[in-house]
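The structure under discussion appears below in the form of C-alpha cells.
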There are 2 protein chains.
Amino acid sequence: MSAEPGTVRPGGRTARVRTAVLRVAGDVLAEQGFAHLDLADVARRAEVGKTTVYRRWGSVTGLVADLLSDMAEQSLPRTETGSVLGDLRANAALVRRTLADPRQGALFRAVIAAGACDVRTAEALRKFYDVRVAEWAPCVEQGVARGELPAGTDPALVVRAVSAPLYYTLLTTGVAPDDAAADRAAEAAVAAAVAGVYVVTRRGDTGE
Amino acid sequence: MSAEPGTVRPGGRTARVRTAVLRVAGDVLAEQGFAHLDLADVARRAEVGKTTVYRRWGSVTGLVADLLSDMAEQSLPRTETGSVLGDLRANAALVRRTLADPRQGALFRAVIAAGACDVRTAEALRKFYDVRVAEWAPCVEQGVARGELPAGTDPALVVRAVSAPLYYTLLTTGVAPDDAAADRAAEAAVAAAVAGVYVVTRRGDTGE
C-alpha cells in the first residue's frame, strides 16, 4: 500500500479506515456487482466520512484498484513441497478454494466483469495477477533447477496454465471448480511443461 | 431457433426481424456492455416494432439468451485434419480469432460479465459452450480411436482445456491471445491428454 505521510503506523486510523472501506467495497461487489458500487454508499456503510472516501479513492474504479492491490498483498504465499507437481497442486487448491468461496468467488467474478468494461479496472486486474504469478514463479524455477522441467521453461506461462481452467470453468459455467478439477489443472500444466510446451525460444514470446 | 407457427420460411419476415434485432443487441453489448442493453432502444435501432420485440424476447436476458443460441448455431463446424493435434490447433486458432476480433471479443467479454450477475445469462452461456464442446468432441474421440490418446480420455475436458488459457488471458488481462498462445493451448491440451490427465476413471468426474 502507498501510505500517506504520517500514516505508516500499522493499525493506525488510516489503516482502519482503509480496512473498513475495502471490506464494504468487497461486500457490495460480491453481493450486488460493480454497477452497484457507489462511494457515498460505501462511506455510509463503512461509517467513514464521505469526504475522506472521495479524497482517498477518488472514484469507484480507484476503489476497486485499491481493493485488488490489497487482495494481492493479503494473498497467501506459495507452498514449497519439494516437487513442482506438489507445489502447483497446492497453488491449484488455493485458487480453487478462493473461487469456490461464496464471497471471494463472487468478488472475483464481479471484478473480472468490471474489467471487461473499464480500462482502469482491467489494469488493476493485470497487476493483481502479475503479483500472484511472481509469487508462484519460483516453484517452476526450482522445478527447472531440479531437472523436473526442461531448461527455458517460462515460469509465468506454467503458473497461468494452472489457473486458466479453474477460472474458465467458473466464468463460463458459473459453477466453481471441484477438487478433481484443481488436481487436473496442476497435472495438466506439469505434463505440458515436461513436454516442453512452455519452453520459450523466441524473444518476446511471453504474451500469454 | 424455435420458429413460431407459420414462420418457418427461411428468410421470411420473422427471420429478418430476428437477424436485425440480434445484430443490434450484439452491437450494443460489444460497444457498451450488458448494462446498456434496453429492449425499446434495440427495437428503435433495429427498426422493428417495440411490441414485437417485447412479445418475442420478453426481457434483456431473454434477448441475450437468444443471441447466444444464435451464436452457437452460426459458429463454424470443426476441422478434421487427421491428427488430434492438428484438429485442436484449428480449434485454438478459431477461438483465438474470435476473441481477437474487436466486435466478437468485446461481445464475449460482455456476455461473460453479464453471466456473473444474471442466472439466466449464465445458463445460456453454459448451453453455448456445451454446443461448441459437442461440435469439437469427435476430434478427441477420433484421436482415442487412432491410438493418439489413451482410452477413457474425456473429450469435453480436452476441448475445454484448449479454450481455457485463451479465455483466461483475455478475461484477466484484457489482451487478446496471439497465435503463439493458441498453438501453445492446443499443444498443452494434447500433451496433458497423452499423459493421461483427462482420463476419467471415476463416475461423475466430469465436473470441469
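FYI, side chains are in, hydrogens and waters are out, and symmetry mates aren't considered; it's all heavy atoms of this structure.
Distance check: Tyr167(B) OH to Thr172(B) OG1 gives 14.0 Å after rounding to the nearest 0.5 Å.
One finds no salt bridge joining Arg56(A) and Asp66(A) here, because no Lys/Arg side-chain nitrogen approaches an Asp/Glu carboxylate oxygen to under 4.0 Å. The existence of a salt bridge linking Arg45(A) and Glu47(A) is excluded, since no basic side-chain nitrogen approaches an acidic carboxylate oxygen closer than 4.0 Å.
With chain A as the partner, the residue from Ala164(B), Ala192(B), Gly33(B), Ala195(B) showing the most heavy-atom pairs under 4.5 Å is Ala164(B). Chosen from Ala122(B), Ala116(B), Ala191(B), Ala35(B), the residue pairing most often with chain A at heavy-atom distances under 4.5 Å is Ala116(B). Ranked by heavy-atom pairs under 4.5 Å with chain A, the list Ala189(B), Ala193(B), Gly196(B), Ser163(B) is led by Ser163(B).
A donor-acceptor pair under 3.5 Å is formed between the side chain of Thr81(B) and the backbone N or O of Asp87(B). Side-chain atoms of Ser69(A) do not come within 3.5 Å of backbone N or O of Ala65(A) as any donor-acceptor pair.
The minimum heavy-atom distance between Glu141(A) and Pro155(A), with the atom names listed, is CG-CG, 3.7 Å. Closest of all the heavy-atom pairs between Val53(A) and Ala43(A) is CG2-CB, 3.7 Å. The two residues Leu149(B) and Val190(B) make their nearest non-hydrogen contact at CD2-O, 4.3 Å.
Side-chain rings of Tyr168(B) and Tyr168(A) stay apart, their centers remaining 6.0 Å or farther from each other.
Below 4.5 Å, heavy atoms of chain A meet heavy atoms from Arg109(B), Ile112(B), Ala113(B), Gly115(B), all part of residues 96-115 of chain B. Of residues 126-136 of chain B, those residues lying under 4.5 Å from chain A by any heavy-atom pair are Arg126(B), Tyr129(B).
Both the backbone and the side chain of Ala188(A) come within contact range of chain B, each with at least one heavy atom under 4.5 Å from a heavy atom of that chain.
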Show the numbers, then the answer: is there a side chain to side chain contact (heavy atoms under 4.5 Å, CB included) between Val158(B) and Asp154(B)? CA-CA 7 Å; Val158(B) 180; Asp154(B) 184 290; over 6 Å; no
Just do the side chain to side chain contact (heavy atoms under 4.5 Å, CB included) check on Thr173(B) and Leu125(A) with the steps written out, would you? CA-CA 7 Å; Thr173(B) 70; Leu125(A) 263 178; over 6 Å; no
